[in-house]
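See below for the structure under consideration.
Every number for a ligand or one of its atoms is a count from 1 in the order of the listing. Nothing fancy with the numbering, it's 1 onward along the sequence.
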Amino acid sequence: MRYDPKSVRNRYDEIADEEDRQEKHHTLRTEIPREFIKKYLKKEDVVLDAGGGTGINAILMAKKCKHVTLLDISPKVLEHAIRNVKKANLSKKIDIIKGDISDLSEFKDGAFSFILCVGDAISYVLEKRFKAMHELVRVAKKGSILIIGCDSKYGFMRQSLAKGDLKEAISINKTHETYCGMGPRTHVYSIDEMKKLLQENGCAVLEIASTPTITDTVEKKPFYSRWLSLKKLEMELCKKPELLGIGNHLLFIAKKK
Ligand SMILES: C[S@@+](CC[C@H](N)C(=O)[O-])C[C@H]1O[C@@H](n2cnc3c(N)ncnc32)[C@H](O)[C@@H]1O
């Protein structure tokens with residue numbers, strides 16, 4: 001299938017309230033990347049949060065760094081981001097822009113020192129992923145950290161098989177594409193594929209994690225008091241080479257050379 005920005009935008013407009021709820025209510029999908037953001041973000045950083053959603057990561061980052069630009073394709077998601085940023089009293093430190101990661105032409109080369117693109121926008125752009133990665137790396141200055149999150153091919157195959165859908169698992173294996181839960185059509189990556197894409201764009205891969213690895217993307221609620229123990233367990237396992245790849249999402253920490 002070819003990338004259709006209108007259908008991605010419409011889908012996220014429809015699910016903007018649920019997206020806001022998930023970003024605020026600590027799922028493993030959001031919590032594990034946040035640990036890596038904490039590890040790598042520096043106080044002098046100027047950040048691009050691409051596919052930034054309703055702004056919860058942008059708010060966390062703006063409290064620590066110099067400036068954040070949040071870019072997202074969905075006007076409804078951006079309405080939440082504007083409200084959340086205002087409520088956090090961080091409107092002066094966070095710019096909010098409507099845009100598409102496959103065309104960052106409004107930003108100069110090297111405009112940012114830290115690029116965050118988590119939550120799978122790089123999967124939703126389908127065949128435009130080469131252009132999108134080129135753009136994300138182009139707007140990063142030399143030495144910048146890039147944290148890129150994508151949907152995982154083997155994780156999605158595992159999920160289809162868990163539901164008894166062998167036909168879909170075989171199709172994902174062949175096409176590297178499926179529908180992403182409540183989200184749009186998605187290109188699912190193997191580790192080697194994303195590693196190659198980053199390396200071909202002049203980045204060194206520093207770390208790879210799955211988010212989450214052995215639990216499916218769960219919310220805090222069912223785990224109640226055990227949430228912190230579950231998160232600790234997932235953090236311990238998320239970089240194990242023997243497990244990488246079977247998680248729902250993959251997270252790549254890279255450095256522009
Ligand atoms: C699953 S949410 C993740 C939000 C946030 N980054 C997080 O991890 O919590 C994906 C977001 O990417 C946005 N998005 C999808 N495709 C995009 C594109 N091509 N350009 C910019 N934003 C995009 C969606 O509108 C949505 O807000």
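Inspection of the Glu234 and Thr215 side chains reveals an N or O donor paired with an N or O acceptor under 3.5 Å. Residues Glu19 and Thr54 bring no donor and acceptor atom of their side chains to less than 3.5 Å of each other. A side-chain donor-acceptor contact under 3.5 Å links Glu207 and Tyr40. A donor and an acceptor atom, one from each side chain of Glu177 and Thr186, are nowhere located under 3.5 Å apart. Looking only at atom types and distance, the side chain of Ser102 has a donor-acceptor partner in the side chain of Asp100 under 3.5 Å away.
Set against the non-hydrogen atoms of Tyr3, the atoms of ligand 1 under 4.0 Å away are 19 (N). Near Gly52, the atoms of ligand 1 lying under 4.0 angstrom from a non-hydrogen atom of the residue are 5 (C), 6 (N). The distance from ligand 1 to the heavy atoms of Val125 drops below 4.0 Å at these ligand atoms: 19 (N). Those atoms of ligand 1 that come under 4.0 Å of a heavy atom in Gly53, given as number and element, are 4 (C), 27 (O). For ligand 1, the atoms lying closer than 4.0 Å to a non-hydrogen atom of Val77 are 27 (O).
Smallest separation of non-hydrogen atoms from Cys203 and Leu146: SG-CD1, 4.0 Å.
When only interatomic distances are considered, the shortest N/O to N/O separation between Gly51 and ligand 1 falls below 3.5 Å. Considering backbone and side-chain atoms together, Asp49 places no N or O closer than 3.5 Å to any N or O of ligand 1. Checked by distance only, ligand 1 and Thr30 stay at 3.5 Å or farther apart across all their nitrogen or oxygen atoms. Taking distance alone, with nitrogen or oxygen atoms compared against 3.5 Å, Arg34 stays at or beyond that limit from ligand 1. Taking distance alone, with nitrogen or oxygen atoms compared against 3.5 Å, Val118 approaches ligand 1 more closely than that limit.
Here Lys231 pairs with Glu35 in a salt bridge; the nearest charged N to carboxylate O distance falls below 4.0 Å. Salt bridge absent: Glu44 and Lys66 never bring a charged side-chain N and a carboxylate O closer than 4.0 Å. A salt bridge between Asp17 and Arg21 is absent, with no side-chain N of the basic residue lying under 4.0 Å from a carboxylate O of the acidic one.
Scanning the protein for heavy atoms near atom 25 (O) of ligand 1, the closest one is Asp72 OD1, 2.6 Å. For atom 14 (N) of ligand 1, the closest non-hydrogen atom on the protein side is Ile73 CG2, 3.7 Å. When only non-hydrogen protein atoms are considered, atom 16 (N) of ligand 1 lies nearest to Val8 CG1, 3.5 Å. The protein atom (non-hydrogen) at minimum distance from atom 21 (C) of ligand 1 is Gly99 O, 3.4 Å. For atom 10 (C) of ligand 1, the nearest protein heavy atom (residue, atom name, distance) is Gly119 O, 3.4 Å.
Atom NZ of Lys93 sits in a crowded spot, with more than 12 heavy atoms from other residues, nucleotides or ligands closer than 6.0 Å.
Within the structure, the closest approach of Pro33 to ligand 1 does not fall below 4.0 Å when heavy atoms are considered. The shell of residues lying under 4.0 angstrom from ligand 1, judged by heavy atoms, excludes Ser102. Put simply, part of Arg29 is less than 4.0 Å from ligand 1, judged by heavy atoms.
In this structure the side chain of Ile101 reaches within 4.5 angstrom of the side chain of Cys117, judged on heavy atoms.
Of all the heavy atoms of Asp120, none lies under 4.0 Å from any atom of ligand 1, so neither backbone nor side chain is involved. Contacts between Ile101 and ligand 1 below 4.0 angstrom, taking non-hydrogen atoms only, involve backbone and side chain alike. Under 4.0 angstrom from ligand 1, the non-hydrogen atoms of Glu19 all belong to its side chain.
Take Glu193 and apply the side-chain contact (heavy atoms from CB on, under 4.5 Å) test, not counting sequence neighbours, and it matches Arg129, His176, His187, Tyr189, Ser190.
Note: Leu28 CG to Trp227 CH2 = 4.0 Å, rounded to the nearest 0.5 Å.
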